[in-house]
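Below: one structure, written as structure tokens.
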Amino acid sequence: MKSNSLGIIGCGPTAIYLLKHIADKGQVLVKEFKSITIFEKRNRMGMGMPYTEETTDKYNLSNISSEEIPQLTESFADWLRKQDEDLLVKWNIEKFNIKNKDVYSRIALGYYFHEQYNKIITKLKSQGFVIDELTNHEVLDIIVDKEKKIYNVITDKKLHALSRVILSVGHNWNELDNKKTGYYASPWPITKLIPKSNTYYNFEIGILGASLSAFDVVTSLAHRHGKFKKNENDLKFCLNEKAKGFKIVLHSSQGWLPHLQYEQEEPIREIYRHSNREDILSLIGKDGFMPLEAFYNKICRPALINAFYKDNDFKTAETIKKKGFSFKNFIDLMSSKHEYINSFVGMKNEMVLAKDSVLNYKPIHWMETLDDLMYCLNFHNELLCAEDHLYFKKGVMPFLMNVIAALPLSSAAILLALYDSKCIDLVTGRVTILESGKNASNTIIEIEDEEKNKAIETYKIFINCGGQKNVEIENYPFPSLQQKGIVSKAKAKFKSVPEKQNELYNDRLLHKDNKYFLYTGGIDVDPTYRVMCDDDQFVNEIYDISFTHITGARPYSYGLQACNSTALIVVESWLKLKNNKKLKKINIESITKLYDDNEVL
């Protein structure tokens, strides 16, 4: 074994930020571990699946501007300004006046990450770290030697014995495509969906979801079936004469399209922007829980009222002020403002406000404030009881994902151009993909509306863009960790004795030591992202910062800012919580002090 050695499994953005923070504290950390081994199953380090040319398309946007991306060795916009014009054109960047507020192609962002990774590796080597970069190495399992505290990482090539391991794996779809029926379990790699040159899809294509990934598919297919032409005020789509019959049908359970990109006063989130450590700790009751409603009343409500006043939305501010106006009331109120009989007409109306916000630098304060508040809640999620976990997941998250996952204005313009040309539609209702017979050549779906009415639709091509499902513990990609109890189910304790039968949690009710818990999904990690094992006596040196694994513990971890913050918390914990390392759990006082002391968080 390499003594004092660190292994990093996966080398996408979260791993890059981790390496960056290690390099920032390199002179200290090189004394803790001198050797760093990085495992990447693809053939290139420092990109991540969503940003490679093998996976995505030049027409797919990154959905995040340079000013929103936590800086590495230089900003994304500054890096783009240094690139040759030929490269920019290849990446579908035609305006060479690069702006910090604009969004650019995902492929360009991938090459930015790759170059930043190389610069960080060079810095680490100059600090005395020995770096072993292993591309085309897929990690199959991790076996723990508890006595020696050795973590044996097994790849498809060989075994590596390490003293500390960080799991930073990205997207991984286990469901298989069925090309015979035209069913695609995910849109990636997007090249599999693009027709061959001079061939066209002269029929309706079904897409499950109205997510940002769904719009990647829409954009890629639209560019292969026609051309977009800019007029003075809008965009027009001209369908290729050979593509008559081409149409995309989006299926969304609630019939919502995402909110649009908006101007922000502070593009980078902060945990304690609208509160402080003392505010949070004061909300914890004698039972150890922080009630979600108390968090809303004491932290969220004052901040949101102030934000709506800033937006000159006095009516909403006064409504929220009313006594007894709950978190649920707020979600219901703001959801109703986004409900339209026709979502595309609604998007056209929102486009006017969004353009005014972005082009005239007018922040939409309430959306930015809500994102900050939920970001804060995410890093205190362990304080919520099971009842609040259930409401947050079922009642709050669907709304948040439509508000916060903002669609760039350029993408919205493409959607509206397709709508005006009658090449796209949106169907509301919950979709079930039906079993196809042996000789089936189409995908058959069942659509159920709010009144429980059901309809059947058939598609030659149907693409599941519902997003990667969070990994349940039985599907954890490192089987020995699950089988040996090194990882355990993420859970939240019920405040009161739950009903034995309840459709909200029927198969997720856990009973241990005369207490009831809700299995919240994925694996359990402590606030420093150490995986929590079943054995209360064993303290791991395995950290899991893979968002699809830890959704039960950190449900609002999305995007590059969460990648950066998560990686920073891990590194800061090595430096500032050394006295707690032997403890099974990091207490709330210690972790909130770490948050409070760090300006970046």
Side-chain angles (χ1 to χ4, degrees), residues 4-40 45-48 68-76 112-133 162-170 268-272 375 378-379 525-530 541-547 550 554 557 559-578 580-581 586 590-601:
N4 300 320
S5 52
L6 171 67
I8 301 173
I9 299 173
C11 195
T14 310
I16 297 169
Y17 282 109
L18 178 73
L19 290 163
K20 187 256 185 192
H21 294 306
I22 291 171
D24 288 345
K25 305 290 184 180
Q27 298 304 322
V28 176
L29 290 175
V30 75
K31 297 170 185 174
E32 279 200 35
F33 50 87
K34 194 168 184 179
S35 167
I36 302 176
T37 303
I38 308 166
F39 302 87
E40 171 55 52
M45 288 286 185
M47 269 196 170
E68 296 172 281
I69 300 172
Q71 192 162 315
L72 292 162
T73 67
E74 61 186 327
S75 74
F76 181 37
Y112 162 75
F113 280 134
H114 180 62
E115 189 168 312
Q116 300 305 294
Y117 166 82
N118 286 332
K119 288 182 177 180
I120 292 166
I121 291 297
T122 300
K123 181 178 179 180
L124 287 164
K125 288 178 178 177
S126 73
Q127 293 172 330
F129 288 98
V130 177
I131 311 292
D132 196 3
E133 301 172 84
L162 302 162
S163 59
R164 187 180 302 183
V165 174
I166 298 182
L167 310 175
S168 180
V169 300
I268 300 292
R269 304 278 76 87
E270 288 181 11
I271 294 175
Y272 289 143
Y375 192 75
N378 182 61
F379 291 101
V525 291
D526 78 1
T528 67
Y529 297 90
R530 290 184 306 182
E541 282 293 343
I542 301 180
Y543 298 75
D544 198 331
I545 52 177
S546 314
F547 295 156
I550 60 173
R554 290 288 180 261
S557 289
L560 296 176
Q561 294 186 21
C563 293
N564 177 56
S565 296
T566 300
L568 179 57
I569 288 167
V570 172
V571 173
E572 286 290 295
S573 75
W574 294 340
L575 299 169
K576 296 187 176 178
L577 299 180
K578 287 183 179 180
N580 297 66
K581 280 183 72 175
I586 303 295
S590 297
I591 196 64
T592 53
K593 190 171 189 313
L594 186 151
Y595 299 158
D596 204 32
D597 289 346
N598 194 291
E599 291 182 2
V600 176
L601 294 171

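Numbers for residues simply follow the sequence, beginning at 1. Given the structure is predicted, the values throughout are model-derived calculations rather than measurements.
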Partner set under side chain to side chain donor-acceptor pair (under 3.5 Å) for [X], not counting sequence neighbours:
{"X": "Y375", "answer": "S565"}
{"X": "K125", "answer": "none"}
{"X": "E270", "answer": "R273"}
{"X": "T122", "answer": "none"}

Under 3.5 Å, is there a donor-acceptor pair between the side chain of [X] and the main chain of [Y]?
{"X": "E40", "Y": "G46", "value": "no"}
{"X": "Q116", "Y": "L72", "value": "no"}
{"X": "S546", "Y": "V169", "value": "yes"}

With a 3.5 Å cut-off and sequence neighbours excluded, list the donor-acceptor pairs that the side chains of residues 17-24 form with protein atoms.
unit_1	atom_1	unit_2	atom_2	d
Y17	OH	P70	O	2.5
K20	NZ	D24	OD2	3.0
H21	NE2	N564	OD1	2.7

Who are the side-chain contact (heavy atoms from CB on, under 4.5 Å) partners of N598, not counting sequence neighbours? L568, E572, V600, L601
Partners of S168 by side-chain contact (heavy atoms from CB on, under 4.5 Å), sequence neighbours excluded? T14, A15, I545
Which residues share a ring pair (Phe, Tyr, Trp, His ring centres under 6.0 Å) with F76, sequence neighbours left out: Y112
Ring pair (Phe, Tyr, Trp, His ring centres under 6.0 Å) filter on Y529, not counting sequence neighbours, yields none
Going by the rule salt bridge (charged side-chain N to carboxylate O under 4.0 Å, His left out), which residues pair with K119 if we only count those two or more places apart in sequence or in a different chain? E74, E115
Can you name the residues that form a salt bridge (charged side-chain N to carboxylate O under 4.0 Å, His left out) with E133, not counting sequence neighbours? none
